[in-house]
Amino acid sequence: MNDYVLRPAEPEDAQALYDFGETLLSESNFLLRSPGERARSADEMGMVIERFKELPNHLLLNAWHGSAVVGEGVVMGGEFVRNRRTGVIGLGILQRHGGKGLGREFLARLEAFGAQVPLHRLELTVMANNERAQKLYEAVGYAVEGTKRDSLYIDDQYVDEIIMSKFLNELESR
Ligand SMILES: CC(C)(COP(=O)(O)OP(=O)(O)OC[C@H]1O[C@@H](n2cnc3c(N)ncnc32)[C@H](O)[C@@H]1OP(=O)(O)O)[C@@H](O)C(=O)NCCC(=O)NCCS
C-alpha cells in the first residue's frame, strides 16, 4: 500500500482519469459500463470531476501509482432531500494492482467520507458471478438484500445483480 497515494480527483487529473477508465473498462466484464461509456474524452471526464466536487455528498477518489491512476472508489449520495443520506458506491482497480489491499482501503475511505457527510446507508450492486468482489464487500460488513434478476445483458447472456448495503452511524442518523 505504500506504493500508492489515494486522493480525491481534481480537474487537472482529467486525462489520467480518462486513460484509467478506458483501461479499466476494457479489462473487466464486472462493471456496468463498456469502454467509451464513462466519458467520451478527457474534457468530458473533467466535467465529471467538477460535478463530483460540487456535490457535498459525492466523492471521486483515486489511487495513484506514480503518474498513473490505477484504482477508483466513488460514493454518490442521493440528489433529493429524501434520499440524500443514501450513497451508491462503486469500485474498480486495474488487474495489475489487484490483491494489494486497495479494494479494502477504498471501502474504508468511502465509509469515512460517508460518516462525515453524514450518510446513513451505503449501497451497491455486484454481478452474481463476481465472487471476489462479493467476498470483499461481505468481509467489510455489507449484507445481501436481494437479487435483480437478469438485470444486465453481457456477451449475449443475461446476468443477475446482487444488491448489498451497509449502515453507517446507525444510532446518530436515525
Ligand atoms: C474486486 C476488486 C475491487 C478487489 O480489489 P482488490 O484491491 O484486489 O482487493 P484487496 O486487495 O483489498 O483484497 C480484498 C480481498 O480479496 C481477496 N483477494 C485478493 N486477490 C484475490 C483474487 N485474485 N481472487 C480472489 N480473492 C482475492 C483478498 O483475500 C482480500 O481479502 P483479505 O483482505 O481478507 O485478505 C478488484 O479486483 C476490481 O476492481 N475488480 C474489477 C472491477 C470490479 O469487479 N469491481 C467491483 C464491481 S461491484
Side-chain angles (χ1 to χ4, degrees), residues 1-9 13 16-39 45 48-49 52 57-78 83 86-115 119 121-168:
M1 277 299 299
N2 289 344
D3 296 343
Y4 301 99
V5 173
L6 268 66
R7 65 166 176 79
D13 302 334
L17 262 72
Y18 174 74
D19 294 343
F20 159 75
E22 290 304 290
T23 308
L24 178 72
L25 297 177
S26 62
E27 270 186 8
S28 177
N29 250 359
F30 291 135
L31 295 162
L32 175 62
R33 294 184 167 93
S34 308
E37 292 182 338
R38 168 182 159 98
M45 193 65 230
V48 173
I49 296 169
F52 267 85
N57 62 358
H58 280 46
L59 178 66
L60 174 52
L61 192 65
N62 292 107
W64 292 78
H65 183 74
S67 58
V69 175
V70 301
E72 187 167 277
V74 301
V75 187
M76 292 169 290
N83 69 357
T86 290
V88 177
I89 71 158
L91 196 55
I93 288 130
L94 295 187
Q95 261 168 30
R96 216 155 65 78
H97 298 271
K100 296 186 173 165
L102 280 172
R104 260 182 190 267
E105 183 64 23
F106 270 118
L107 291 173
R109 302 273 190 118
L110 299 181
E111 268 186 39
F113 171 79
L119 297 173
R121 169 188 161 97
L122 293 180
E123 65 182 24
L124 61 92
T125 54
V126 54
M127 289 180 204
N129 54 349
N130 190 355
E131 286 168 23
R132 177 175 176 176
Q134 284 169 51
K135 275 196 186 139
L136 170 60
Y137 297 133
E138 271 165 20
V140 301
Y142 284 78
V144 172
E145 292 190 330
T147 302
K148 292 171 74 171
R149 297 177 301 157
D150 286 358
S151 52
L152 302 175
Y153 187 64
I154 303 172
D155 296 338
D156 299 327
Q157 283 197 318
Y158 288 103
V159 175
D160 292 349
E161 286 176 286
I162 310 294
I163 306 163
M164 301 184 81
S165 70
K166 177 173 183 173
F167 292 127
L168 306 175

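Keep in mind the model is a prediction, meaning the values are calculated, not measured. One-based numbering, in listed order, for ligands and for the atoms of each.
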Side chain or backbone, does Thr125 bring an N or O within less than 3.5 Å of an N or O on ligand 1?
no
Do any non-hydrogen protein atoms sit less than 4.0 Å from atom 17 (C) of ligand 1?
no
Test item: protein heavy atom less than 4.0 Å from atom 33 (O) of ligand 1:
yes
For atom 45 (N) of ligand 1, grab the closest protein heavy atom and report residue, atom and distance to one decimal in Å.
Leu91 O, 2.9 Å
Using non-hydrogen atoms of the residue, decide whether Leu124 is closer than 4.0 angstrom to ligand 1.
no
Per-residue contact class, Lys100 against ligand 1 - non-hydrogen pairs under 4.0 Å:
backbone
Measure from the side-chain N and O atoms of Ser26 to the backbone N and O of Thr23, and report whether any donor-acceptor pair falls under 3.5 Å.
yes
Return the residue, atom name and 0.1 Å-rounded distance of the protein heavy atom closest to atom 7 (O) of ligand 1.
Gly103 N, 2.8 Å
Do the rings of Tyr4 and His65 sit parallel, tilted or perpendicular, given the 30° and 60° boundaries?
tilted
Atom 38 (C) of ligand 1 sits nearest the protein heavy atom Ile93 N, 3.8 Å
State whether any protein heavy atom lies less than 4.0 Å from atom 28 (C) of ligand 1.
no
Under 3.5 Å: donor-acceptor pair, side chain of Glu123, backbone of Ile163
no
Do side-chain atoms of Asp150 reach the backbone of Val159 as a donor and acceptor pair under 3.5 angstrom?
no
For the pair Gln157 (side chain) and Leu152 (backbone), establish whether a donor and an acceptor sit closer than 3.5 Å, ignoring hydrogens and angles.
no
Using a strict 4.0 Å cut-off to heavy atoms of Gly92, name the atoms of ligand 1 that fall inside it.
39 (O)
Could you say whether the N/O atoms of Ser28 and ligand 1 ever approach to under 3.5 Å?
no
Tell me which protein heavy atom sits closest to atom 24 (N) of ligand 1, plus the residue, atom name and distance to 0.1 Å.
Arg132 CD, 3.6 Å
Under 3.5 Å donor-acceptor, Glu27 side chain and Gln95 backbone:
yes
Please report whether atom 3 (C) of ligand 1 has a protein non-hydrogen atom at a separation of less than 4.0 Å.
yes
Around atom 48 (S) of ligand 1, find the nearest protein heavy atom and jot down its residue, atom name and distance.
Tyr137 OH, 3.3 Å
of all protein heavy atoms, closest to atom 11 (O) of ligand 1 is Gly101 N, 2.7 Å
I need the nearest protein heavy-atom contact for atom 14 (C) of ligand 1: residue, atom name and distance, please.
Leu136 CD1, 3.5 Å
Among all protein heavy atoms in this structure, tell me which lies nearest to atom 30 (C) of ligand 1, with the distance rounded to 0.1 Å.
Arg104 NE, 4.8 Å
Distance under 4.0 Å to a non-hydrogen atom of Gly98: what atoms of ligand 1 satisfy this?
8 (O)
How about CZ on Arg96, more than 12 heavy atoms from neighbouring residues, nucleotides or ligands closer than 6.0 Å, or not?
no
Ligand 1 atoms in contact with Ala133 (distance to a heavy atom under 4.0 Å)
1 (C)
